[in-house]
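Report on the structure given below.
When a ligand or atom number is given, it counts from 1 through the structure's own listing order. Start at 1 with the first residue, then count along the sequence.
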Amino acid sequence: MKKVFVLALALMIAITPLAGCNTKTPTSSNAESKSTAQDQSADIVVIGAGGAGMTAAIQAVQNGATNVVIVEKMPITGGNSVRSTGGLNAAPTKYQEAQGIKDSVELFVEDTMKGGKNLNDKELVTTLAKNSPAAVDWVNEIGGDLSVVGMFGGASVKRIHRPSDTSAVGPMLVKTLNKKVAELKIPVLLNTKADEIVLDAKGAVSGVKVTGKEGSYTIKTKAIVLATGGFSANSDMVVKYKPELKGFNTTNHAGATGDGIVMAEAIGADLVDMEQIQTHPTVNPDNQTLYTEGVRGNGAILVNKEGKRFIDELKTRDVVSEAILKQKDGQAYLVFDQKVRDSLKAVEEYFNQGIVTESDTIEGLAQKIGVDASTLKTTMNNYAGYQKAGNDTEFGRKSMEVPLTSPKFYAAICAPAVHHTMGGVKINTNAEVISKEGKAIPGLFAGGEITGGVHGGNRLGGNAVADIVIFGRISGSSAVKYVVEHGGHTEPTIKVEAAVAEAKPQVQGNYKDGTYTGTGNGKGGALTVEVVVQGGNITKITLKQHSETPGIFEAAEKGVVADIIKKQTTEVDVVTGASKTSGGIKEAVANALKTAK
Ligand code: ADP
């Protein structure tokens with residue numbers, strides 16, 4: 001009989017890949033691994049469950065694939081995509097048209113090439129632009145929400161499509177993709193790292209070697225979609241290709257280590273633009289929170305520690321980053337007012353984290369951040385004048401949404417950090433991976449940040465999400481086409497047994513029966529839980545109120561809540577990649593249980 005376990009920390013439908021007999025699998029994050037893993041097979045293996053990987057897998061199934069599996073090395077899905085704050089650049093769309101915005105594929109291509117210093121592969125950029133309106137529709141069709149169009153750096157017109165509630169795009173996208181992946185019953189093997197691509201004697205893809213908690217094994221497959229993201233979190237690799245970035249922080253999640261690029265290179269894939277590494281200009285230097293470009297797009301300015309503006313804040317990321325590095329301490333303040341705050345829900349997270357200074361007056365704000373009050377006042381007055389006149393005579397900023405005169409006033413310290421690796425695996429417009437000899441490697445496809453060429457020397461805000469959805473879809477479609485031409489689809493071999501089962505106590509608890517509430521501190525601020533104790537056991541934990549990031553939150557909730565109920569203690573592991581949220585849940589439950597002892 002086939003034995004399929006559900007991982008305790010599974011986000012949704014992640015299962016162990018062990019479908020054979022005589023296998024034992026860990027059932028919790030810290031269980032001892034005693035098993036010998038067995039080889040598996042699938043028609044398409046997608047490596048990486050970020051935005052590009054989940055999109056590719058969904059598209060593959062939508063195109064008829066029946067045996068697709070995603071392997072993901074982290075305990076949660078979402079990768080770096082969940083951190084994406086901006087939106088998806090697309091042109092021309094019905095949303096733009098409704099707002100009277102005149103845009104075109106040509107202008108999108110032109111802006112992207114200009115932003116990328118013409119280093120971009122123009123064919124890839126054209127493919128990106130041409131497929132962009134359909135990408136917005138696709139996301140919306142699978143349950144997403146991209147309907148508000150805004151202005152972002154490097155775009156000639158309003159082109160970035162964002163959620164209607166102006167929240168960050170990544171959590172919305174990842175939540176949507178997670179749901180669709182679950183609905184389509186696509187197995188996601190979490191905690192499973194791809195180590196090596198296996199080729200047959202003819203040089204075509206024949207499998208991938210992976211390592212899960214149960215050991216190493218091979219998944220035989222006809223096609224692989226590489227969607228492992230970039231390498232911003234691998235400082236050795238960053239410094240190897242761009243030595244001047246030694247010592248820089250990163251905005252990326254811990255899994256962005258360039259594995260796919262290394263794996264692809266090992267089997268002869270060509271790499272392009274590896275030295276093109278982008279820093280994001282506005283990142284909190286203490287906790288690496290990225291302030292979305294939307295804050296500037298919606299009106300914020302940058303001032304240095306002398307209280308003066310120093311750049312057109314809407315210049316491209318590389319230019320703004322460089323300008324900040326030239327200021328005192330290599331830092332600046334992002335300054336905005338109530339109107340900007342009200343225009344962008346995404347900023348609330350910064351307030352929840354306590355990283356924004358506020359005051360009713362500009363002088364008060366200056367005092368709090370240690371900047372000369374009269375200089376800041378002059379800077380703000382001048383800016384209000386430029387805004388009114390529609391002419392920034394100092395720095396030539398074009399889009400000035402508000403005069404920044406509505407109290408309260410806010411300031412957030414920022415500095416550049418490594419954000420996006422533009423280079424990577426060379427692909428063609430079908431998302432086929434190209435070898436050093438200039439030929440497509442049979443059965444190998446790639447999409448998203450792992451690839452190089454789309455962004456050239458500098459990625460524009462809104463083009464990463466466009467990249468992952470558009471080339472994610474293309475790589476999924478191309479993989480299906482390849483499978484059809486090479487033996488066709490087969491029945492699913494790695495089966496989805498069930499969603500995470502209801503957790504049940506595995507030991508007797510020792511609490512007073514009743515219903516208790518408690519509060520803890522998560523990533524987004526305070527969160528409240530309700531804990532039900534019956535027969536001495538914690539039987540139910542409900543999150544009542546929280547401001548945590550969707551996409552990450554569900555993983556933390558499922559992992560920690562299930563573990564606490566099983567073990568009847570809050571002394572359980574946090575979920576890697578969602579540690580602050582899971583820590584907050586643990587704290588809240590512990591506080592609730594204080595009166596239950
Ligand atoms: P993209 O934006 O291109 O989708 P993301 O960073 O969002 O990139 O997602 C890439 C995903 O790939 C991450 O979830 C990351 O943990 C995963 N990943 C990276 N390397 C490996 C690997 N060797 N095996 C499995 N998954 C990997």
Under a 4.5 Å cut-off applied to non-hydrogen side-chain atoms, are I197 and I441 in contact?
no
Shortest heavy-atom approach to atom 22 (C) of ligand 1 - which of T451, D259, V262, L189:
D259
Tell me the nearest of M263, E196, K73 to atom 26 (N) of ligand 1, using heavy-atom distances.
K73
Gap between atom CG of N249 and atom OG1 of T279 - 0.5 Å precision
12.0 Å
Does ligand 1 have any atom that is closer than 4.0 Å to a heavy atom of D467?
no
Suppose we measure from atom 4 (O) of ligand 1 to each protein heavy atom; which comes out shortest, and what is that distance?
A52 N, 2.8 Å
What's the shortest distance from atom 8 (O) of ligand 1 to any protein heavy atom, and which residue and atom give it?
G229 CA, 3.4 Å
Within a radius of less than 6.0 Å around CD of E123, do more than 12 heavy atoms belonging to other residues, nucleotides or ligands occur?
no
Report yes if the side chains of D259 and I47 come closer than 4.5 Å at any heavy-atom pair, otherwise no.
no
Is the shortest distance from a heavy atom of M54 to ligand 1 less than 4.0 Å?
no
Could you establish whether G78 and ligand 1 come within less than 4.0 Å of each other, counting only heavy atoms on the residue side?
yes
Rounded distance [0.5 Å steps], CZ in F445 versus CD1 in I44:
8.5 Å
Check whether any side-chain N or O of N89 sits under 3.5 Å from a backbone N or O of G461 as a donor-acceptor pair, and report yes or no.
yes
Which atoms of ligand 1 sit under 4.0 Å from any heavy atom of M74?
16 (O)
Examine G255 against ligand 1 and note whether any of their N/O atoms are separated by less than 3.5 Å.
no
Honestly, for T192 the part within reach of ligand 1 (heavy atoms, under 4.0 Å) is backbone
When you compare the side chains of N430 and S478, does any donor N or O come within less than 3.5 Å of an acceptor on the partner?
no
Audit row: T421, S232, side-chain hydrogen bond (donor to acceptor under 3.5 Å, both in side chains) steps and yes/no
CA-CA 6 Å; T421 47; S232 290; 4.5 Å; no
I need the L88 CG to L173 CG distance, nearest 0.5 Å.
8.0 Å
For ligand 1, which atoms, with element, lie under 4.0 Å from some heavy atom of I468?
1 (P), 2 (O), 3 (O), 4 (O)
Show which atoms of ligand 1 fall inside a sub-4.0 Å distance from at least one heavy-atom site of G51.
4 (O), 7 (O)
Which atom of R159 lies closest to which atom of V149, heavy atoms considered
N-CG1, 3.8 Å
At a non-hydrogen distance cut-off of under 4.0 Å, which region of N80 contacts ligand 1 (side chain, backbone, both, or neither)?
both
NE2 (H280) and OG1 (T250) are apart, to the nearest 0.5 Å, by 11.5 Å
Under 4.0 Å to a heavy atom of I47 - the qualifying atoms of ligand 1, by number:
24 (N), 25 (C)
Quick one: does E548's side chain have a donor or acceptor within less than 3.5 Å of a partner on K523's backbone?
yes
Does K193, backbone or side chain, put an N or O under 3.5 Å from an N or O of ligand 1?
no
Protein residue, atom and distance nearest to atom 7 (O) of ligand 1, heavy-atom basis:
S81 OG, 2.6 Å
What protein heavy atom sits nearest atom 10 (C) of ligand 1, and how far off is it?
A227 O, 3.3 Å
Among all the protein's non-hydrogen atoms, which is closest to atom 14 (O) of ligand 1, and how far away is it?
E72 OE1, 2.6 Å
Shortest protein heavy-atom distance from atom 3 (O) of ligand 1, along with the residue and atom involved:
E449 N, 2.8 Å
Do any N/O atoms on I76 end up under 3.5 angstrom from N/O atoms on ligand 1?
no
Atom 9 (O) of ligand 1: nearest protein contact (heavy atom, Å)
G50 CA, 3.2 Å
May I ask you to list the atoms of ligand 1 that are less than 4.0 angstrom from any heavy atom of V71?
25 (C), 26 (N)
From CA spacing to verdict: side-chain hydrogen bond (donor to acceptor under 3.5 Å, both in side chains), Q353, T289:
CA-CA 9 Å; Q353 289 180 30; T289 290; 2.7 Å; yes
Have a look at G448, A194, G48 and point out the one with the heavy atom closest to atom 12 (O) of ligand 1.
G48
Close side-chain approach of L344 and R162, heavy atoms under 4.5 Å
yes
